[in-house]
Peer 1: 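Okay, here's the structure, questions in a sec.
Just so you know, these numbers come straight off a predicted model, no measurement behind them. Throughout, a chain's letter reflects where its sequence line sits, starting with A, and its residues are numbered from 1.
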Amino acid sequence: ETGVTQTPRHLVMGMTNKKSLKCEQHLGHNAMYWYKQSAKKPLELMFVYNFKEQTENNSVPSRFSPECPNSSHLFLHLHTLQPEDSALYLCASSQPGTSGNEQYFGPGTRLTVT
Amino acid sequence: AQKITQTQPGMFVQEKEAVTLDCTYDTSDQSYGLFWYKQPSSGEMIFLIYQGSYDEQNATEGRYSLNFQKARKSANLVISASQLGDSAMYFCAMRWYSGGGADGLTFGKGTHLIIQP
């Protein structure tokens, strides 16, 4: 595997379910990110982790719970979601301290809440 | 607060023509970074090009170049000799510092580019 991978690619869940999204990066980066992309809205940053420590929570509701056990893995735990949480969830990684610190994205998880 | 504005919701361009995608930004920071990403229908965001605010030369990466006009706060993406595979959503983004060493990105709403044969 290379780059940034995300599983599952598609997820349908009911409002009372609990599920988790997984992200893994094979780039040796130290920072990881979760973004939400809703229809007709710009990408929104949700969480930032640097060296496994959360450095940013962009006012995300508590029904989204991130976990970063190490610099290569990032999870997003979901519970009691709402239909408006249906979106494409993108994970990214980067290497802080480099010139551009450009973020590399995974393919995303398309989430539908019914 | 930072803001990215992309004023072209959609564009149609003939194959092999050059295309310019507009991006203006607003920030009070002196040091910042500007990025362009491509998102095909598959959903993955693909990094194209980066421009630092202190870079004096416009960034170039293959067929992509960034026309950086700092005084006008614009960072337009130029694609030369467009190809059918260039059809996608294109997003301009600005880096901001989260304080913990890792940076976040603020994105514009995007431009849907369609290359016609």
Peer 1: Do A/Y35 and B/L105 have side-chain heavy atoms sitting under 4.5 Å apart?
Peer 2: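 Heavy-atom side-chain distance check passes, below 4.5 Å.
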Peer 1: Going hydrophobic residue to hydrophobic residue with side-chain gaps under 4.5 angstrom, can you get from B/Y64 over to B/M45?
Peer 2: no
Peer 1: Against chain A, label B/Q39 side chain, backbone, both or neither, depending on which of its atoms sit under 4.5 Å from a heavy atom there.
Peer 2: side chain
Peer 1: Should we say atom CD of B/Q14 is surrounded by more than 12 heavy atoms from elsewhere, each under 6.0 Å from it?
Peer 2: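 For B/Q14, atom CD is crowded (more than 12 foreign heavy atoms under 6.0 Å).
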Peer 1: Is it true that atom CD of A/Q82 has more than 12 heavy atoms of other residues, nucleotides or ligands lying nearer than 6.0 Å?
Peer 2: yes
Peer 1: For B/Y50, which atoms come within 4.5 Å of any heavy atom of chain A: side chain, backbone, both, or neither?
Peer 2: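 Contact with chain A: side chain only.
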Peer 1: If two hydrophobic side chains count as joined below 4.5 Å and joins carry through other members, does B/Y32 share a cluster with B/F47?
Peer 2: no
Peer 1: With a 4.5 angstrom heavy-atom cut-off, is it the side chain or the backbone of A/L43 that approaches chain B, or both, or neither?
Peer 2: both
Peer 1: Starting from B/Y37, can I reach B/I114 by hopping between I/L/V/M/F/W/Y residues whose side chains sit under 4.5 Å apart?
Peer 2: no
Peer 1: Are B/L48 and A/V4 linked, directly or through intermediate hydrophobic residues, by side-chain heavy-atom contacts shorter than 4.5 Å (ILVMFWY only)?
Peer 2: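 No, no single cluster joins them.
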Peer 1: Tell me, yes or no, whether the heavy-atom count around B/Q57 atom CD, taken from other residues, nucleotides or ligands under 6.0 Å, exceeds 12.
Peer 2: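 Counting other residues, nucleotides and ligands, CD of B/Q57 stays at 12 neighbours or fewer.
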Peer 1: If we define contacts as heavy-atom pairs under 4.5 Å, which of A/Q37, A/E53, A/R110 has the most with chain B?
Peer 2: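 Result: the option with the highest number of such pairs is A/Q37.
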Peer 1: Quick check on the structure: residues of residues 64-79 of chain A within a heavy-atom distance below 4.5 Å of chain B, by number.
Peer 2: none
Peer 1: Closest approach of A/R9 and B/S42, non-hydrogen atoms and distance?
Peer 2: NH2-O, 3.8 Å
Peer 1: Heavy atom to heavy atom, less than 4.5 Å: which residues from residues 68-91 of chain B reach chain A?
Peer 2: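 Near chain A, by residue number: B/F91.
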Peer 1: Transitively linked via ILVMFWY side-chain contacts under 4.5 Å: A/M15 with A/V60?
Peer 2: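 Result: yes, single cluster for both.
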Peer 1: How close do B/G108 and A/P42 get, counting heavy atoms only, and between which atoms?
Peer 2: O-CB, 3.7 Å
